[in-house]
Protein chains: 2
Amino acid sequence: MQKHPGIKDIARIAGVSIATVSRVLNGNSYVSPELSERVLKAAGKLGYQPNRIARGLRKGKTNTIGFLIPDIENPFFSAIVKGAENFLRKYGYTILLCSSAGKAEREDELLNVLYSHKVDGLMTVPLESQNPYLERIEKLSVPVVVIDDIINQKNISSVASDNYSGMKKLMQYLLDTNHRSFAFLSGDPHTYSGKERLQAFRDVMVQEKEKVEYEILLGTYTFSSGIEMLRKLRKIPDAIVCGNDMIAFGVLTELQKLHYKIPNDVSVTGFDDVLFSKMTNPPLTTVRQDYYMMGRVAAQLLIEDLNYKKRNSILLKTELVIRGSSRG
Amino acid sequence: MQKHPGIKDIARIAGVSIATVSRVLNGNSYVSPELSERVLKAAGKLGYQPNRIARGLRKGKTNTIGFLIPDIENPFFSAIVKGAENFLRKYGYTILLCSSAGKAEREDELLNVLYSHKVDGLMTVPLESQNPYLERIEKLSVPVVVIDDIINQKNISSVASDNYSGMKKLMQYLLDTNHRSFAFLSGDPHTYSGKERLQAFRDVMVQEKEKVEYEILLGTYTFSSGIEMLRKLRKIPDAIVCGNDMIAFGVLTELQKLHYKIPNDVSVTGFDDVLFSKMTNPPLTTVRQDYYMMGRVAAQLLIEDLNYKKRNSILLKTELVIRGSSRG
DNA sequence: CTGTTAGCGCTTTCAG
DNA sequence: CTGAAAGCGCTAACAG
């Protein structure tokens with residue numbers, strides 16, 4: 001018997017029926033102590049591990065959750081996955097992971113793959129806000145939670161950081177510390193976070209329009225885009241407000257190459273507070289969002305949907321982190 | 001009929017038997033064009049997606065690969081996962097991901113979970129070199145490839161970077177540029193990479209013992225460990241050779257706080273070449289290892305094992321990357 | 001070429 | 001409390 005042991009083998013050794021074995025192993029129905037013990041002993045001896053595929057087929061529940069993200073290598077997304085995984089494992093779920101590599105058509109394809117694997121639920125960080133593939137998800141009739149985007153359809157749960165108020169907090173701090181001219185180097189404005197951060201900046205500028213001046217540049221959430229946008233700036237303002245930390249790193253590097261003193265000549269700020277933000281020289285003033293928590297909350301929402309059919313949308317608080325890259 | 005359509009539904013609509021439907025959908029047996037078309041049309045209309053759980057049970061093959069790593073949030077590991085995933089998907093595999101969170105007992109537990117899900121193969125980055133749980137993997141009789149560690153048992157494939165010769169290359173460069181006193185700030189010496197890098201450093205020191213002096217400190221692969229080890233240094237040498245880039249970042253930060261000029265007063269080197277190594281000030285001289293490629297090669301090895309039962313162990317080349325943190 | 005049928009390993013009625 | 005038997009959705013003999 002070199003094949004992996006099954007419930008049948010246990011039954012034979014313990015001298016009981018397979019039904020009894022199943023009952024003992026699942027512990028949801030009463031079985032006499034004697035039989036119970038015999039079964040457990042046999043299972044232990046064989047090193048039995050249940051076949052979740054067979055169980056999944058029978059029960060219509062696989063204990064797997066599909067995870068669809070743009071890029072697993074990006075620490076933001078992987079932190080989300082980590083947060084979610086730690087939570088989901090407590091409930092016996094394992095993650096089926098797919099990354100769309102930034103391609104929209106992949107999202108669709110992978111959605112089918114995941115569905116095909118009969119995942120019990122789905123978690124996704126969409127490539128773009130209001131992604132049309134979300135409509136398809138609905139039809140799949142599998143519980144979903146969308147991450148880093150807020151969905152208004154009430155049959156889908158979602159979770160995101162409060163990018164808008166985070167950026168407002170940051171701007172308020174800069175205004176309070178007598179910054180009056182600004183440049184906003186935006187990340188991709190098609191994303192939810194890009195939209196919200198940009199909008200917050202604009203709203204503050206409009207509100208304070210008598211005392212401030214500013215310019216806005218659009219780019220992507222990358223180091224090199226930060227460098228490019230900096231070069232296009234018409235003038236170096238009091239503060240350069242970057243769409244995220246990566247952009248800020250590019251800006252920092254380029255400014256130093258041009259012999260600007262930070263923060264004496266110009267303040268630079270980021271958004272996200274990634275691991276390296278505290279290691280730059282000077283360390284970066286930024287807005288922290290907790291990606292790990294985002295994954296955790298997302299998992300929690302999914303569990304609630306799975307167990308009680310409750311849906312919800314949650315906005316996570318952000319925190320202003322003041323470091324040396326801004327004069328205060 | 002709100003339930004998800006199955007092969008039966010297609011058969012009914014197309015007016016054929018379920019066997020015919022299966023044959024058409026799998027395309028491995030000849031079916032007359034007429035029936036074929038009717039089946040395809042029905043499948044399309046229903047938006048049929050095969051139930052991989054049922055198929056898996058029947059065929060004894062799930063098209064899933066289990067992935068077990070210490071920490072998904074760590075960019076090294078997630079790059080490996082990404083490389084592997086991109087390759088595996090071409091072959092129709094999806095990844096079941098688990099991270100052990102650095103705990104050895106979790107590795108064992110998760111191994112069972114993965115096994116229970118009847119994965120067709122397993123990829124793992126072990127917490128420690130020569131981890132005992134590798135023995136257990138053998139018994140599972142499922143193809144395995146171990147990553148970032150070289151396994152000598154020939155029934156298991158493995159892949160790692162050539163840490164030893166990478167470190168030697170780096171040391172040779174430092175010697176060639178007239179560095180004569182060294183400090184080696186090691187990462188965890190229980191890991192395969194830690195061992196190899198340390199050994200290479202030692203071997204070079206012994207070989208050049210007449211002209212050099214050095215000290216060795218043991219720590220972990222972290223920013224804060226880098227700072228700590230630097231503080232314990234008895235003297236600042238010509239070159240501080242760090243076990244990886246993270247340690248080097250800590251060292252860089254702390255040295256600058258102490259007003260050392262880099263590389264004029266002291267050279268600092270890393271290992272890995274993470275994304276941020278080119279963004280530090282000065283940018284870091286380091287040894288690049290290609291994690292993405294490591295994942296890809298690992299996937300390739302797994303596919304070979306799966307298809308032809310061929311096993312292999314591969315050592316990946318590393319590349320010396322000279323930047324501003326070392327005087328040359 | 002096509003249909004009928006027997007399971008894959010497990011859970012869950014349904015009888016006893 | 002326990003066993004026999006049905007069946008989850010699909011594939012693969014086996015007949016025709």
Taking atom P of C:dT12 as reference, at what distance in whole Å does atom CG of A:Asn26 sit? 7 Å
Taking A:Asn163 for its side chain and A:Ser161 for its backbone only, find out whether a donor-acceptor pair lies under 3.5 Å. yes
Of A:Ala19 and B:Leu35, whose nearest nucleotide on DNA chain C comes first from the 5' end? B:Leu35
Round to a whole Å and report the spacing from CZ of A:Arg23 to P of C:dG9. 20 Å
State plainly whether the residues B:Glu85 and B:Arg89 are in salt-bridge range, i.e. N to O under 4.0 Å. yes
Closest approach of B:Ser99 to B:Ile72 (non-hydrogen atoms, all atoms of both residues): CB-N, 3.9 Å
Without decimals, in angstroms, what is the distance between A:Arg12 CZ and C:dC10 C1'? 17 Å
Among side-chain atoms of B:Thr64 and B:His117, is any donor-acceptor pair under 3.5 angstrom? no
Distance-only polar pair, side chains of B:Tyr48 and B:His4, donor-acceptor under 3.5 Å: no
Separation of B:Lys8 atom NZ from D:dT11 atom P, in whole Å? 14 Å
Between C:dC8 atom C1' and B:Asn63 atom CG, what is the distance in whole Å? 16 Å
Please list, chain by chain and in numerical order, all residues satisfying side-chain hydrogen bond (donor to acceptor under 3.5 Å, both in side chains) with B:Tyr192, sequence neighbours excluded. none
Using the side-chain heavy atoms of B:Ile7, tell me which of these nucleotides is nearest: D:dA12, C:dT11, D:dT11. D:dT11
Round to a whole Å and report the spacing from NE2 of B:His117 to C1' of C:dC10. 15 Å
For B:Tyr30 and C:dC1, what is the distance between atoms OH and P respectively, to the nearest whole Å? 8 Å
Under a plain distance cut-off of 3.5 Å, with no hydrogens placed, do A:Ser158 and A:Ser313 share a side-chain donor-acceptor pair? yes
Testing the 3.5 Å rule here: is there a donor-acceptor pair between the side chains of A:Asn312 and A:Lys310? no
Could you tell me whether B:Ser32 contacts a base, only the sugar-phosphate backbone, or nothing, with contacts defined as non-hydrogen atoms closer than 4.0 Å? sugar-phosphate
Taking only side-chain nitrogens and oxygens of A:Thr20, does any of them come within less than 4.0 Å of OP1 or OP2 of D:dG3? yes
Students should find that the end-to-end axis angle of the helix from C:dC1-D:dG16 to C:dG16-D:dC1, with five pairs defining each axis and rounding to 10 degrees, is 50°
DNA chain C contacts among residues 45-61 of chain B, heavy-atom distance under 4.0 Å: B:Leu57, B:Arg58
Of all the choices, C:dT5, C:dG3, D:dT2, which nucleotide is nearest to the side chain of B:Ile18 once you look at every atom? C:dT5
From B:Gln49 atom CD to A:Lys118 atom NZ, the distance as rounded to the nearest 0.5 Å: 8.5 Å
